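All figures in this text were calculated on a predicted structure; none of them were measured in a lab. All values below were derived from every heavy atom in this structure, side-chain atoms included, with hydrogens, water molecules and symmetry-related copies excluded. Convention: sequence-line order gives letters A, B, ...; per-chain numbering from 1.
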Protein chains: 2
Amino acid sequence: MKMAHKFKTLDRAPVYVKVCNAIEADILSGVLKEGALLPTEAELCVQFGVTRSSVREGIRLLQQSGLVERGAAKRLVVKSPKTIEIAEAASRSMALGGATFGEVFETLAMLYPEAARLAARRLSSEALDALCAVRDGLRDAPPDAADEIVDYAVEFFQQLASGLDNRVMLAMLQSLNLMIGASLQLVIDQTPNAHERILNAQSEIIEALKNHDEARAHAWMTKHIEDLRRGYVVAKVNLDARIL
Amino acid sequence: MKMAHKFKTLDRAPVYVKVCNAIEADILSGVLKEGALLPTEAELCVQFGVTRSSVREGIRLLQQSGLVERGAAKRLVVKSPKTIEIAEAASRSMALGGATFGEVFETLAMLYPEAARLAARRLSSEALDALCAVRDGLRDAPPDAADEIVDYAVEFFQQLASGLDNRVMLAMLQSLNLMIGASLQLVIDQTPNAHERILNAQSEIIEALKNHDEARAHAWMTKHIEDLRRGYVVAKVNLDARIL
DNA sequence: ATAAATATGTTGTCCGACAATCCTAATATG
DNA sequence: CATATTAGGATTGTCGGACAACATATTTAT
(Lines give C-alpha, C1' and ligand atoms only; values in the text may rest on other atoms or scores of the structure.)
Protein backbone atom coordinates (compact mmCIF):
# COMPACT_ATOMS: atom_id res chain seq x y z
CA MET A 1 0.00 0.00 0.00
CA LYS A 2 1.42 3.29 -1.04
CA MET A 3 1.38 6.02 1.52
CA ALA A 4 -0.03 9.31 0.31
CA HIS A 5 2.53 12.04 0.34
CA LYS A 6 2.49 14.33 3.34
CA PHE A 7 3.11 17.98 2.77
CA LYS A 8 4.62 20.15 5.42
CA THR A 9 2.30 22.89 6.61
CA LEU A 10 2.95 25.97 4.56
CA ASP A 11 4.66 28.89 6.16
CA ARG A 12 1.95 31.49 6.10
CA ALA A 13 3.64 34.13 8.21
CA PRO A 14 3.40 37.68 6.91
CA VAL A 15 6.25 38.79 4.72
CA TYR A 16 7.52 41.35 7.18
CA VAL A 17 7.92 38.64 9.78
CA LYS A 18 9.87 36.53 7.32
CA VAL A 19 12.13 39.46 6.54
CA CYS A 20 12.78 39.88 10.24
CA ASN A 21 13.47 36.20 10.73
CA ALA A 22 15.73 35.96 7.71
CA ILE A 23 17.97 38.77 8.88
CA GLU A 24 17.90 37.57 12.44
CA ALA A 25 18.92 34.08 11.35
CA ASP A 26 21.97 35.42 9.54
CA ILE A 27 22.95 37.44 12.55
CA LEU A 28 22.54 34.52 14.91
CA SER A 29 24.45 32.15 12.66
CA GLY A 30 27.33 34.55 12.52
CA VAL A 31 27.08 35.36 8.84
CA LEU A 32 26.42 38.93 9.90
CA LYS A 33 28.84 39.85 12.64
CA GLU A 34 28.52 42.71 15.05
CA GLY A 35 29.08 46.06 13.41
CA ALA A 36 28.41 44.72 9.94
CA LEU A 37 26.47 47.01 7.66
CA LEU A 38 23.16 45.75 6.37
CA PRO A 39 22.22 46.44 2.77
CA THR A 40 20.10 49.49 2.15
CA GLU A 41 16.36 49.14 2.11
CA ALA A 42 16.29 49.25 -1.65
CA GLU A 43 18.87 46.50 -1.77
CA LEU A 44 16.92 44.36 0.67
CA CYS A 45 13.87 44.80 -1.50
CA VAL A 46 15.51 43.22 -4.50
CA GLN A 47 17.24 40.52 -2.44
CA PHE A 48 14.03 39.42 -0.73
CA GLY A 49 11.84 40.27 -3.69
CA VAL A 50 9.37 42.30 -1.65
CA THR A 51 8.47 45.95 -1.43
CA ARG A 52 10.03 48.54 0.74
CA SER A 53 7.01 48.76 3.02
CA SER A 54 7.41 45.13 4.00
CA VAL A 55 11.14 45.46 4.44
CA ARG A 56 10.68 48.48 6.64
CA GLU A 57 8.13 46.73 8.85
CA GLY A 58 10.50 43.84 9.23
CA ILE A 59 13.27 46.21 10.22
CA ARG A 60 11.10 47.75 12.94
CA LEU A 61 10.65 44.31 14.42
CA LEU A 62 14.41 43.73 14.49
CA GLN A 63 15.06 47.20 15.76
CA GLN A 64 12.93 46.82 18.85
CA SER A 65 14.69 43.62 19.84
CA GLY A 66 17.96 45.53 19.76
CA LEU A 67 19.63 43.44 17.09
CA VAL A 68 20.01 46.26 14.67
CA GLU A 69 20.42 49.97 14.91
CA ARG A 70 20.83 52.99 12.72
CA GLY A 71 24.44 54.00 12.63
CA ALA A 72 26.38 56.65 10.78
CA ALA A 73 24.99 57.55 7.39
CA LYS A 74 21.72 56.09 8.67
CA ARG A 75 22.84 52.69 7.54
CA LEU A 76 21.65 49.75 9.56
CA VAL A 77 24.38 48.10 11.59
CA VAL A 78 24.25 44.80 13.40
CA LYS A 79 24.49 45.13 17.12
CA SER A 80 24.73 42.44 19.75
CA PRO A 81 22.62 43.46 22.73
CA LYS A 82 24.57 44.86 25.67
CA THR A 83 23.69 43.82 29.18
CA ILE A 84 22.43 47.27 30.05
CA GLU A 85 20.00 47.16 27.16
CA ILE A 86 18.77 43.73 28.13
CA ALA A 87 18.29 45.03 31.64
CA GLU A 88 16.41 48.06 30.40
CA ALA A 89 14.08 46.01 28.29
CA ALA A 90 13.46 43.56 31.10
CA SER A 91 12.77 46.18 33.73
CA ARG A 92 10.54 48.09 31.38
CA SER A 93 8.53 44.96 30.67
CA MET A 94 8.30 44.16 34.36
CA ALA A 95 7.00 47.62 35.07
CA LEU A 96 4.38 47.24 32.37
CA GLY A 97 3.59 43.78 33.66
CA GLY A 98 2.72 45.31 37.02
CA ALA A 99 5.63 44.27 39.20
CA THR A 100 5.48 45.71 42.70
CA PHE A 101 8.05 47.30 44.98
CA GLY A 102 7.70 44.34 47.28
CA GLU A 103 8.65 41.87 44.60
CA VAL A 104 11.61 43.92 43.48
CA PHE A 105 12.89 44.38 46.99
CA GLU A 106 12.57 40.76 47.90
CA THR A 107 14.56 39.84 44.83
CA LEU A 108 17.11 42.50 45.59
CA ALA A 109 17.46 41.21 49.11
CA MET A 110 18.05 37.73 47.80
CA LEU A 111 20.47 38.54 45.03
CA TYR A 112 22.73 41.29 46.22
CA PRO A 113 23.99 39.68 49.41
CA GLU A 114 25.00 36.67 47.35
CA ALA A 115 26.58 38.96 44.81
CA ALA A 116 28.56 40.57 47.61
CA ARG A 117 29.71 37.16 48.76
CA LEU A 118 30.89 36.32 45.26
CA ALA A 119 32.57 39.69 45.02
CA ALA A 120 34.51 39.01 48.21
CA ARG A 121 35.83 35.92 46.51
CA ARG A 122 36.96 37.36 43.25
CA LEU A 123 36.58 41.11 42.82
CA SER A 124 39.57 42.56 41.00
CA SER A 125 41.54 45.34 42.62
CA GLU A 126 40.43 47.73 39.89
CA ALA A 127 36.82 46.96 40.64
CA LEU A 128 37.53 47.52 44.29
CA ASP A 129 39.09 50.87 43.50
CA ALA A 130 35.97 51.81 41.57
CA LEU A 131 33.88 50.98 44.61
CA CYS A 132 36.14 53.08 46.81
CA ALA A 133 35.76 55.96 44.38
CA VAL A 134 32.02 55.77 44.68
CA ARG A 135 32.22 55.64 48.44
CA ASP A 136 34.55 58.66 48.48
CA GLY A 137 32.21 60.52 46.20
CA LEU A 138 29.36 59.86 48.55
CA ARG A 139 31.45 60.88 51.56
CA ASP A 140 32.20 64.26 50.01
CA ALA A 141 28.62 64.84 48.94
CA PRO A 142 26.48 67.23 50.98
CA PRO A 143 24.43 65.13 53.42
CA ASP A 144 21.16 66.70 52.33
CA ALA A 145 21.48 66.34 48.57
CA ALA A 146 19.04 63.49 48.13
CA ASP A 147 19.52 63.10 44.41
CA GLU A 148 23.28 62.83 44.70
CA ILE A 149 23.00 60.29 47.47
CA VAL A 150 20.68 58.19 45.36
CA ASP A 151 23.08 58.35 42.47
CA TYR A 152 25.96 57.16 44.58
CA ALA A 153 23.90 54.43 46.21
CA VAL A 154 22.83 53.04 42.86
CA GLU A 155 26.29 53.49 41.40
CA PHE A 156 27.70 51.39 44.21
CA PHE A 157 25.41 48.55 43.28
CA GLN A 158 26.28 49.06 39.66
CA GLN A 159 30.01 48.86 40.19
CA LEU A 160 29.75 45.84 42.40
CA ALA A 161 27.70 44.05 39.77
CA SER A 162 30.06 45.03 36.98
CA GLY A 163 33.03 43.67 38.86
CA LEU A 164 31.58 40.18 39.02
CA ASP A 165 32.57 39.55 35.43
CA ASN A 166 29.40 37.65 34.61
CA ARG A 167 27.09 39.18 32.06
CA VAL A 168 24.08 37.12 32.99
CA MET A 169 24.32 38.14 36.60
CA LEU A 170 25.11 41.69 35.60
CA ALA A 171 21.99 41.97 33.48
CA MET A 172 19.81 40.76 36.30
CA LEU A 173 21.37 43.02 38.90
CA GLN A 174 21.19 45.98 36.56
CA SER A 175 17.56 45.44 35.89
CA LEU A 176 16.92 45.44 39.61
CA ASN A 177 18.87 48.66 39.90
CA LEU A 178 16.73 50.27 37.25
CA MET A 179 13.55 49.15 38.91
CA ILE A 180 14.33 50.70 42.26
CA GLY A 181 16.51 53.54 41.04
CA ALA A 182 13.68 55.83 40.11
CA SER A 183 11.74 55.29 43.28
CA LEU A 184 14.71 55.53 45.62
CA GLN A 185 14.65 59.25 45.03
CA LEU A 186 11.28 59.58 46.71
CA VAL A 187 12.43 57.68 49.72
CA ILE A 188 15.83 58.95 50.58
CA ASP A 189 14.99 62.56 51.21
CA GLN A 190 12.49 61.44 53.80
CA THR A 191 14.91 59.17 55.57
CA PRO A 192 16.93 60.71 58.41
CA ASN A 193 20.64 60.01 58.42
CA ALA A 194 20.43 58.36 55.04
CA HIS A 195 23.77 59.78 54.03
CA GLU A 196 25.54 58.53 57.09
CA ARG A 197 23.96 55.11 57.12
CA ILE A 198 24.60 54.40 53.47
CA LEU A 199 28.15 55.64 53.72
CA ASN A 200 28.78 53.39 56.67
CA ALA A 201 27.33 50.35 54.92
CA GLN A 202 29.42 50.97 51.83
CA SER A 203 32.57 51.30 53.90
CA GLU A 204 31.91 48.11 55.78
CA ILE A 205 31.21 46.22 52.57
CA ILE A 206 34.37 47.51 50.96
CA GLU A 207 36.36 46.50 54.00
CA ALA A 208 34.90 43.02 53.85
CA LEU A 209 35.65 42.69 50.15
CA LYS A 210 39.23 43.77 50.72
CA ASN A 211 39.71 41.02 53.29
CA HIS A 212 37.88 38.45 51.19
CA ASP A 213 35.54 38.05 54.10
CA GLU A 214 32.54 36.54 52.35
CA ALA A 215 30.35 36.22 55.39
CA ARG A 216 30.86 39.80 56.42
CA ALA A 217 30.27 41.12 52.93
CA HIS A 218 27.07 39.14 52.82
CA ALA A 219 25.94 40.33 56.21
CA TRP A 220 26.56 44.00 55.56
CA MET A 221 24.92 43.93 52.19
CA THR A 222 21.89 42.35 53.79
CA LYS A 223 21.87 45.08 56.39
CA HIS A 224 22.31 47.75 53.74
CA ILE A 225 19.34 46.58 51.72
CA GLU A 226 17.18 46.09 54.75
CA ASP A 227 18.00 49.67 55.63
CA LEU A 228 16.83 50.86 52.24
CA ARG A 229 13.69 48.82 52.52
CA ARG A 230 12.92 50.39 55.86
CA GLY A 231 13.10 53.72 54.08
CA TYR A 232 10.13 52.72 51.97
CA VAL A 233 8.16 51.79 55.02
CA VAL A 234 9.01 55.04 56.78
CA ALA A 235 8.11 57.03 53.69
CA LYS A 236 4.81 55.15 53.70
CA VAL A 237 5.31 53.77 50.21
CA ASN A 238 2.91 50.92 49.66
CA LEU A 239 5.06 47.91 48.88
CA ASP A 240 2.21 46.44 46.87
CA ALA A 241 2.18 49.44 44.57
CA ARG A 242 3.44 49.02 41.03
CA ILE A 243 6.90 50.23 40.25
CA LEU A 244 7.11 53.17 37.91
CA MET B 1 17.95 93.33 30.69
CA LYS B 2 15.46 91.13 28.99
CA MET B 3 16.36 87.48 28.70
CA ALA B 4 15.95 86.05 25.22
CA HIS B 5 13.36 83.36 25.06
CA LYS B 6 14.63 79.81 25.22
CA PHE B 7 12.96 77.24 23.03
CA LYS B 8 12.82 73.62 23.99
CA THR B 9 14.63 71.36 21.57
CA LEU B 10 12.17 70.14 19.00
CA ASP B 11 11.07 66.56 19.04
CA ARG B 12 12.50 65.26 15.83
CA ALA B 13 11.75 61.58 16.28
CA PRO B 14 10.32 59.81 13.26
CA VAL B 15 6.56 59.68 13.13
CA TYR B 16 6.40 55.92 13.53
CA VAL B 17 8.29 56.21 16.80
CA LYS B 18 5.87 58.84 17.98
CA VAL B 19 2.95 56.60 17.10
CA CYS B 20 4.53 53.83 19.13
CA ASN B 21 5.17 56.12 22.08
CA ALA B 22 1.71 57.61 22.00
CA ILE B 23 0.00 54.24 22.18
CA GLU B 24 2.45 52.96 24.74
CA ALA B 25 1.83 55.99 26.91
CA ASP B 26 -1.89 55.37 26.95
CA ILE B 27 -1.33 51.76 27.85
CA LEU B 28 1.07 52.60 30.63
CA SER B 29 -1.17 55.30 32.04
CA GLY B 30 -4.03 52.85 32.21
CA VAL B 31 -6.23 54.56 29.65
CA LEU B 32 -5.92 51.40 27.60
CA LYS B 33 -6.35 48.43 29.88
CA GLU B 34 -5.32 44.89 29.18
CA GLY B 35 -7.55 43.25 26.61
CA ALA B 36 -8.78 46.56 25.22
CA LEU B 37 -9.21 46.72 21.48
CA LEU B 38 -7.15 49.27 19.64
CA PRO B 39 -8.72 51.21 16.78
CA THR B 40 -8.19 49.87 13.31
CA GLU B 41 -5.24 51.07 11.31
CA ALA B 42 -7.43 53.36 9.24
CA GLU B 43 -8.84 54.85 12.42
CA LEU B 44 -5.40 55.40 13.87
CA CYS B 45 -4.42 57.18 10.66
CA VAL B 46 -7.09 59.81 11.06
CA GLN B 47 -6.56 60.11 14.82
CA PHE B 48 -2.82 60.65 14.51
CA GLY B 49 -3.06 62.40 11.18
CA VAL B 50 -0.45 60.25 9.49
CA THR B 51 -0.47 57.62 6.80
CA ARG B 52 -1.00 53.98 7.24
CA SER B 53 2.61 53.12 6.51
CA SER B 54 3.73 55.10 9.51
CA VAL B 55 1.03 53.66 11.73
CA ARG B 56 1.98 50.16 10.71
CA GLU B 57 5.65 50.71 11.43
CA GLY B 58 4.75 52.05 14.82
CA ILE B 59 2.64 48.99 15.50
CA ARG B 60 5.54 46.69 14.66
CA LEU B 61 7.59 48.44 17.30
CA LEU B 62 4.88 47.93 19.91
CA GLN B 63 4.32 44.39 18.81
CA GLN B 64 7.87 43.30 19.39
CA SER B 65 7.88 44.67 22.92
CA GLY B 66 4.87 42.48 23.63
CA LEU B 67 2.50 45.28 24.53
CA VAL B 68 0.11 44.55 21.76
CA GLU B 69 -0.96 41.51 19.81
CA ARG B 70 -3.32 40.50 17.07
CA GLY B 71 -6.36 38.86 18.56
CA ALA B 72 -9.59 37.53 17.13
CA ALA B 73 -10.80 39.30 14.03
CA LYS B 74 -7.21 40.44 13.57
CA ARG B 75 -7.89 43.43 15.77
CA LEU B 76 -5.05 44.67 17.92
CA VAL B 77 -5.53 43.99 21.60
CA VAL B 78 -3.54 45.39 24.51
CA LYS B 79 -1.54 42.81 26.38
CA SER B 80 0.55 43.21 29.51
CA PRO B 81 3.73 41.17 29.20
CA LYS B 82 3.72 37.87 31.06
CA THR B 83 6.77 36.77 33.01
CA ILE B 84 7.43 33.92 30.65
CA GLU B 85 7.57 36.32 27.74
CA ILE B 86 9.89 38.64 29.58
CA ALA B 87 12.07 35.65 30.36
CA GLU B 88 12.05 34.53 26.75
CA ALA B 89 13.04 37.92 25.49
CA ALA B 90 15.79 38.23 28.06
CA SER B 91 17.28 34.82 27.43
CA ARG B 92 17.12 35.34 23.70
CA SER B 93 18.98 38.60 24.04
CA MET B 94 21.55 37.03 26.31
CA ALA B 95 22.16 34.27 23.83
CA LEU B 96 22.61 36.82 21.06
CA GLY B 97 24.82 38.85 23.35
CA GLY B 98 27.14 35.89 23.64
CA ALA B 99 26.50 34.67 27.17
CA THR B 100 28.40 31.50 28.04
CA PHE B 101 27.43 28.30 29.83
CA GLY B 102 29.80 29.25 32.60
CA GLU B 103 28.03 32.52 33.25
CA VAL B 104 24.62 30.92 33.21
CA PHE B 105 25.64 28.16 35.55
CA GLU B 106 27.29 30.45 37.99
CA THR B 107 24.15 32.52 38.16
CA LEU B 108 22.03 29.44 38.49
CA ALA B 109 24.21 28.20 41.32
CA MET B 110 23.78 31.50 43.07
CA LEU B 111 20.08 31.99 42.59
CA TYR B 112 18.42 28.63 42.93
CA PRO B 113 19.76 27.63 46.32
CA GLU B 114 18.46 30.93 47.67
CA ALA B 115 15.19 30.34 45.90
CA ALA B 116 14.97 26.97 47.58
CA ARG B 117 15.61 28.58 50.93
CA LEU B 118 12.80 31.05 50.33
CA ALA B 119 10.57 28.24 49.18
CA ALA B 120 11.16 26.37 52.40
CA ARG B 121 9.87 29.42 54.18
CA ARG B 122 6.69 30.03 52.27
CA LEU B 123 5.85 27.54 49.57
CA SER B 124 2.13 26.83 49.53
CA SER B 125 0.92 23.26 49.88
CA GLU B 126 -0.45 23.37 46.35
CA ALA B 127 2.95 24.34 45.03
CA LEU B 128 4.47 21.54 47.03
CA ASP B 129 1.99 19.11 45.54
CA ALA B 130 3.00 20.30 42.10
CA LEU B 131 6.62 19.58 42.91
CA CYS B 132 5.73 16.12 44.16
CA ALA B 133 3.85 15.49 40.94
CA VAL B 134 6.95 16.34 38.95
CA ARG B 135 9.06 14.11 41.13
CA ASP B 136 6.61 11.24 40.72
CA GLY B 137 6.57 11.76 37.01
CA LEU B 138 10.33 11.53 36.90
CA ARG B 139 10.32 8.42 39.12
CA ASP B 140 8.02 6.63 36.72
CA ALA B 141 9.94 7.67 33.64
CA PRO B 142 12.23 5.14 31.99
CA PRO B 143 15.78 5.73 33.30
CA ASP B 144 17.23 5.99 29.82
CA ALA B 145 14.80 8.47 28.28
CA ALA B 146 17.09 11.47 28.31
CA ASP B 147 14.57 13.91 26.89
CA GLU B 148 11.94 13.03 29.45
CA ILE B 149 14.43 13.37 32.27
CA VAL B 150 15.43 16.78 31.04
CA ASP B 151 11.81 17.85 30.86
CA TYR B 152 11.17 16.79 34.41
CA ALA B 153 14.37 18.36 35.68
CA VAL B 154 13.51 21.69 34.12
CA GLU B 155 9.89 21.41 35.17
CA PHE B 156 10.99 20.96 38.75
CA PHE B 157 12.86 24.25 38.61
CA GLN B 158 9.90 25.83 36.92
CA GLN B 159 7.42 24.76 39.56
CA LEU B 160 9.68 25.80 42.38
CA ALA B 161 10.08 29.24 40.86
CA SER B 162 6.37 29.62 40.22
CA GLY B 163 5.57 28.81 43.80
CA LEU B 164 7.58 31.71 45.13
CA ASP B 165 4.82 34.13 44.22
CA ASN B 166 7.21 36.82 43.05
CA ARG B 167 7.06 37.76 39.40
CA VAL B 168 10.40 39.48 39.31
CA MET B 169 12.14 36.47 40.73
CA LEU B 170 10.09 34.18 38.55
CA ALA B 171 11.12 36.00 35.39
CA MET B 172 14.78 35.72 36.29
CA LEU B 173 14.61 32.06 37.22
CA GLN B 174 12.62 31.25 34.11
CA SER B 175 15.11 32.97 31.89
CA LEU B 176 17.86 30.85 33.46
CA ASN B 177 15.77 27.76 32.85
CA LEU B 178 15.43 28.65 29.20
CA MET B 179 19.13 29.27 28.84
CA ILE B 180 20.17 25.88 30.13
CA GLY B 181 17.10 23.93 29.06
CA ALA B 182 18.16 23.43 25.50
CA SER B 183 21.68 22.37 26.34
CA LEU B 184 20.79 20.03 29.18
CA GLN B 185 19.58 17.60 26.59
CA LEU B 186 23.07 17.16 25.24
CA VAL B 187 24.47 16.52 28.64
CA ILE B 188 22.08 14.23 30.39
CA ASP B 189 22.21 11.29 28.05
CA GLN B 190 25.96 11.18 28.54
CA THR B 191 25.73 11.25 32.29
CA PRO B 192 25.54 7.88 34.06
CA ASN B 193 22.89 7.52 36.73
CA ALA B 194 21.40 10.88 35.83
CA HIS B 195 17.91 9.61 36.46
CA GLU B 196 18.71 8.27 39.89
CA ARG B 197 20.74 11.25 41.01
CA ILE B 198 18.23 13.85 39.91
CA LEU B 199 15.37 11.89 41.44
CA ASN B 200 17.19 11.68 44.72
CA ALA B 201 17.97 15.40 44.76
CA GLN B 202 14.37 16.28 44.03
CA SER B 203 13.14 14.04 46.81
CA GLU B 204 15.53 15.49 49.32
CA ILE B 205 14.60 19.03 48.36
CA ILE B 206 10.90 18.26 48.65
CA GLU B 207 11.46 16.72 52.03
CA ALA B 208 13.33 19.80 53.19
CA LEU B 209 10.59 22.11 51.89
CA LYS B 210 7.94 20.10 53.70
CA ASN B 211 9.78 20.51 56.98
CA HIS B 212 10.51 24.19 56.35
CA ASP B 213 14.16 23.29 56.70
CA GLU B 214 15.75 26.22 54.87
CA ALA B 215 19.33 25.13 55.35
CA ARG B 216 18.71 21.67 54.05
CA ALA B 217 16.74 22.91 51.06
CA HIS B 218 19.58 25.25 50.25
CA ALA B 219 22.20 22.56 50.65
CA TRP B 220 20.47 20.01 48.46
CA MET B 221 19.70 22.51 45.75
CA THR B 222 23.36 23.46 45.73
CA LYS B 223 24.28 19.82 45.43
CA HIS B 224 21.73 19.29 42.69
CA ILE B 225 23.04 22.11 40.56
CA GLU B 226 26.64 21.17 41.12
CA ASP B 227 25.69 17.72 39.92
CA LEU B 228 24.26 19.14 36.73
CA ARG B 229 27.30 21.27 36.20
CA ARG B 230 29.52 18.24 36.55
CA GLY B 231 27.52 16.74 33.71
CA TYR B 232 28.77 19.47 31.43
CA VAL B 233 32.33 18.80 32.39
CA VAL B 234 31.95 15.06 31.86
CA ALA B 235 30.30 15.64 28.50
CA LYS B 236 33.25 17.84 27.66
CA VAL B 237 31.11 20.89 26.98
CA ASN B 238 33.29 23.95 26.99
CA LEU B 239 31.90 26.21 29.69
CA ASP B 240 33.22 29.22 27.80
CA ALA B 241 31.13 28.32 24.77
CA ARG B 242 28.15 30.47 23.95
CA ILE B 243 24.74 29.19 24.89
CA LEU B 244 22.49 28.29 22.02
C1' DA C 1 -34.38 27.55 11.16
C1' DT C 2 -30.30 26.32 9.13
C1' DA C 3 -27.24 26.64 5.42
C1' DA C 4 -25.36 29.02 1.61
C1' DA C 5 -24.21 33.18 -0.66
C1' DT C 6 -23.17 37.90 -0.49
C1' DA C 7 -21.60 42.24 1.38
C1' DT C 8 -18.55 44.70 4.29
C1' DG C 9 -14.57 45.75 6.80
C1' DT C 10 -9.62 45.10 7.88
C1' DT C 11 -5.16 43.70 7.16
C1' DG C 12 -1.19 42.47 4.09
C1' DT C 13 1.28 43.82 0.17
C1' DC C 14 2.30 46.32 -3.70
C1' DC C 15 3.53 50.60 -6.40
C1' DG C 16 5.16 55.19 -7.14
C1' DA C 17 6.47 59.72 -5.56
C1' DC C 18 8.92 63.36 -3.10
C1' DA C 19 11.12 66.07 0.72
C1' DA C 20 14.66 65.90 4.24
C1' DT C 21 18.91 64.40 5.48
C1' DC C 22 23.45 62.77 5.20
C1' DC C 23 27.65 61.33 2.58
C1' DT C 24 30.86 62.08 -1.04
C1' DA C 25 33.29 64.38 -4.18
C1' DA C 26 34.23 68.19 -6.99
C1' DT C 27 35.17 72.98 -6.78
C1' DA C 28 36.51 77.37 -5.11
C1' DT C 29 39.31 80.11 -2.06
C1' DG C 30 43.00 81.43 0.97
C1' DC D 1 48.66 72.82 -1.01
C1' DA D 2 45.22 72.73 2.41
C1' DT D 3 40.83 73.99 3.78
C1' DA D 4 36.17 75.63 3.22
C1' DT D 5 32.20 75.56 0.19
C1' DT D 6 29.17 73.80 -2.86
C1' DA D 7 26.95 70.60 -5.74
C1' DG D 8 25.55 65.92 -6.49
C1' DG D 9 24.03 61.52 -5.29
C1' DA D 10 22.35 58.11 -2.22
C1' DT D 11 19.12 56.76 1.49
C1' DT D 12 15.64 57.20 4.61
C1' DG D 13 11.04 59.11 6.16
C1' DT D 14 6.49 60.01 4.78
C1' DC D 15 2.86 60.31 1.77
C1' DG D 16 -1.13 58.64 -1.20
C1' DG D 17 -3.56 55.20 -3.48
C1' DA D 18 -4.59 50.54 -4.99
C1' DC D 19 -5.91 45.70 -4.66
C1' DA D 20 -5.99 40.84 -3.04
C1' DA D 21 -6.70 37.83 0.95
C1' DC D 22 -9.19 36.91 4.73
C1' DA D 23 -12.62 37.25 8.48
C1' DT D 24 -16.94 38.82 10.04
C1' DA D 25 -21.62 40.28 9.52
C1' DT D 26 -25.76 40.25 6.72
C1' DT D 27 -28.82 38.66 3.53
C1' DT D 28 -30.90 35.12 0.80
C1' DA D 29 -32.30 30.51 -0.37
C1' DT D 30 -33.55 25.84 0.87
Expressed in angstrom and rounded to an integer, what is the separation of [X] atom [atom1] from [N] atom [atom2]?
{"X": "L37(B)", "N": "dT11(C)", "atom1": "CG", "atom2": "P", "answer": "11 Å"}
{"X": "R70(A)", "N": "dT12(D)", "atom1": "CZ", "atom2": "C1'", "answer": "6 Å"}
{"X": "Y16(A)", "N": "dT13(C)", "atom1": "OH", "atom2": "C1'", "answer": "11 Å"}
{"X": "E69(A)", "N": "dT12(D)", "atom1": "CD", "atom2": "C1'", "answer": "16 Å"}
{"X": "L44(A)", "N": "dG13(D)", "atom1": "CG", "atom2": "P", "answer": "13 Å"}
{"X": "R56(A)", "N": "dT11(D)", "atom1": "CZ", "atom2": "P", "answer": "14 Å"}
{"X": "F48(B)", "N": "dT14(D)", "atom1": "CZ", "atom2": "P", "answer": "14 Å"}

Query raised in the report: Can you check whether R60(A) has a side-chain N or O nearer than 4.0 Å to OP1 or OP2 of dG13(D)?
Result: yes
Report task. Ignoring backbone atoms, establish whether R75(A) has a side-chain N or O less than 4.0 Å from OP1 or OP2 of dC23(C). Result -> no
Query raised in the report: Of the non-hydrogen atoms in M172(A) and T107(B), which two are nearest, and what is the gap between them?
Result: SD-CG2, 4.0 Å
Query - Nearest atoms (heavy-atom pairs only) where A87(B) meets A171(B) - result: CB-O, 3.5 Å
Query raised in the report: Do the non-hydrogen side-chain atoms of E24(A) and I27(A) ever get within less than 4.5 Å of each other?
Result: no
Report task. Answer yes or no: is there a side-chain heavy-atom contact under 4.5 Å between S183(A) and I243(A)? Result -> no
Requested in this report: Take R12(A) and A13(B), find for each the nucleotide of DNA chain D with the closest heavy atom, and name the residue whose nucleotide sits nearer the 5' end.
Outcome: A13(B)
Requested in this report: Between E41(A) and G49(B), just flag the one whose closest nucleotide in DNA chain D comes earlier from the 5' side.
Outcome: E41(A)
All N/O contacts under 3.5 Å from nucleotides 16-19 of chain C to the protein, with atom names and distances to one decimal?
| residue | atom | partner | partner atom | Å |
| --- | --- | --- | --- | --- |
| dA17(C) | N6 | R52(A) | NH2 | 3.4 |

Report summary line: Residues pairing under ring-ring contact (aromatic ring centres under 6.0 Å, His included) where one sits in residues 155-184 of chain B, two or more places apart or in two chains, turn out to be Y112(B)-F157(B), F157(B)-H224(B)
Query raised in the report: Which of the following nucleotides, dT13(C), dT14(D), dT11(C), is nearest to the side chain of V15(A)?
Result: dT13(C)
Report task. Starting from the 5' end of DNA chain C, give me the residue, L76(B) or S54(A), whose nearest nucleotide shows up first. Result -> L76(B)
Query raised in the report: Does E103(A) use its side chain to pair, donor to acceptor, with the backbone of T100(A) at less than 3.5 Å?
Result: yes
Report task. For R167(A) and T83(A), indicate whether the former's side chain and the latter's backbone hold a donor-acceptor pair under 3.5 Å. Result -> no
Requested in this report: May I ask you to say what T51(A) touches in the nucleic acid, namely base, sugar-phosphate or nothing, with a heavy-atom cut-off under 4.0 Å?
Outcome: base
